[in-house]
Amino acid sequence: MALVPYEETAGMGLQKFHKPLATFSFANHRIQIRQDWRQLGVAAVVWDAAVVLSTYLETGAVELRGCRAVELGAGTGLVGIVAALLGDCIDLHMTLSLSHILGAHVTITDRKVALEFLKSNVQANLPPHIQPKAVVKELTWGQNLGSYSPGEFDLILGADIIYLEETFTDLLQTLEHLCSNHSVILLACRIRYERDNNFLAMLERQFNVSKVHYDPAKDVHIYKAQKRHQREDL
């Protein structure tokens with residue numbers, strides 16, 4: 001699940017999490033995300049990092065058409081939904097069968113307890129021709145990796161998944177498993193505590209890491225990571 005500290009819900013910010021719907025406009029679509037703070041807590045509300053990462057994807061910084069993408073700790077699924085919409089290849093000159101080949105294939109993941117909620121948002125916000133290319137699937141970091149082929153994805157997305165220190169080792173193991181030498185990881189996060197920087201230091205031991213975007217209004221960073229080639233580690 002997307003994990004963030006509870007204290008950020010204090011004060012005025014609390015109100016937006018209790019709204020049953022959060023509405024956005026991405027990829028020429030109106031997206032309505034159902035929220036359920038009372039039942040599912042932090043996993044069932046839209047955090048700023050997801051909005052910033054979705055906005056970054058919309059700039060075209062990453063080619064999504066023909067891409068095999070996965071969102072980790074998806075929570076409400078906003079980032080995965082936007083990726084699927086942006087990766088859609090339908091135009092006036094393209095057949096549905098060709099679109100199925102060239103469009104993005106997005107796997108949107110979270111722990112089992114959040115899957116039904118996540119699936120409801122995905123189904124409500126994707127047109128019928130895109131839904132077969134957007135799969136909601138269980139992924140608990142470091143545990144059920146056998147359900148995924150090594151190096152299966154071209155793009156790995158995560159929004160506000162860096163927070164609990166006890167998950168860092170499992171998250172790194174998961175990233176290592178899902179990435180090929182050509183995969184790109186995009187992680188959007190707010191650096192709240194020193195342990196968040198500690199995770200980035202751990203990530204840099206296995207991946208080349210760079211900051212590619214910063215949203216000062218929301219205080220959210222986006223980091224890009226790619227596997228180090230063996231000769232670089234010598």
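All of these numbers come straight from a predicted model, not from anything done at the bench.
Remark: the backbone N or O of Lys19 is paired with a side-chain donor or acceptor of Gln35 at under 3.5 angstrom. For Asp110 (side chain) and Leu118 (main-chain N/O), no donor-acceptor pair under 3.5 Å exists by modelled atom type.
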For residues 23-30, dump all side-chain donor-acceptor pairs below 3.5 Å to protein atoms at least two apart in sequence or in another chain.
| from | atom 1 | to | atom 2 | distance (Å) |
| --- | --- | --- | --- | --- |
| His29 | ND1 | Ala27 | O | 2.7 |

In residues 77-87, what donor-acceptor pairs under 3.5 Å come from side-chain atoms, sequence neighbours left out?
none

Check residues 212-220 and write down every donor-acceptor pair under 3.5 Å in which the side-chain atom is one partner and the other belongs to a residue at least two apart or another chain.
| from | atom 1 | to | atom 2 | distance (Å) |
| --- | --- | --- | --- | --- |
| Tyr214 | OH | Asp219 | OD1 | 2.7 |
| Asp215 | OD1 | Ala217 | N | 3.0 |
| Asp215 | OD1 | Lys218 | N | 3.1 |

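Taking 4.0 Å as the cut-off between side-chain N and carboxylate O, Glu204 and Arg228 do not count as a salt-bridged pair.
In this structure the side chain of Asp160 reaches within 4.5 angstrom of the side chain of Arg192, judged on heavy atoms. Side-chain contact between Tyr163 and Phe199 is absent, with no heavy-atom pair separated by less than 4.5 Å. When side chains are defined from C-beta on, Arg111 does not count as touching Trp141, because their heavy atoms never get closer than 4.5 Å. Side-chain contact check for Arg34 versus Leu21: some heavy-atom pair is nearer than 4.5 Å. Side-chain contact between Lys133 and Asp88: present, with at least one pair of heavy atoms (C-beta onward) separated by less than 4.5 Å. Annotation: side chain of Leu145 is in contact with side chain of Leu139 (closest heavy-atom distance under 4.5 Å). Looking at heavy atoms from C-beta onward, Lys224 lies in side-chain contact with Val184 at the 4.5 angstrom threshold. Contact of the Leu175 side chain with the Leu72 side chain is registered, since non-hydrogen atoms from C-beta on lie closer than 4.5 Å.
Taken to the nearest 0.5 Å, the OH atom of Tyr193 stands 14.0 Å off from the CG atom of Asn198. Put simply, CD on Glu152 and SG on Cys179 are 11.5 Å apart, with the number rounded to the nearest 0.5 Å. Distance CG/Asp154 to CG/Leu64: 10.0 Å, rounded to 0.5 Å. Here the CZ atom belonging to Phe207 is positioned 9.5 Å from the CG atom belonging to Leu187, to the nearest 0.5 angstrom. Here the CZ-CG distance, from Arg205 to Leu172, works out to 9.0 Å after rounding to the nearest 0.5 Å. Note: Ile161 CD1 to Thr167 OG1 = 8.0 Å, rounded to the nearest 0.5 Å.
Within a 6.0 Å sphere centred on NZ of Lys137, heavy atoms belonging to other residues, nucleotides or ligands number more than 12. Counting heavy-atom neighbours within 6.0 Å of Lys211 NZ, excluding the residue itself, gives a total above 12.
The two residues Glu176 and Gln206 come nearest to each other via the heavy atoms OE1-NE2, 3.0 Å. The shortest heavy-atom contact between Leu126 and Gln131 is O-NE2, 2.8 Å. Residues Thr76 and Ala44 approach most closely at CG2-C, 3.6 Å, considering heavy atoms. Across Cys189 and Tyr223, no two heavy atoms sit closer than the pair SG-CE1, 3.9 Å. For Leu53 against Gly158, the heavy-atom pair with the smallest separation is CD2-O, 3.7 Å. Taking each heavy atom of Ser183 and Phe153 in turn, the nearest pair found is OG-O, 2.5 Å.
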Next on the checklist: With side chain to side chain contact (heavy atoms under 4.5 Å, CB included) as the criterion, how do Glu194 and Asn197 come out once you've worked through the C-alpha distance, each side chain's angles and the decisive distance to 0.1 Å?
Outcome noted: CA-CA 5 Å; Glu194 185 57 33; Asn197 284 316; 3.8 Å; yes

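Criterion: ILVMFWY side-chain heavy atoms under 4.5 Å apart, direct or through other members. Under it, Leu155 and Val135 are not part of a common hydrophobic cluster.
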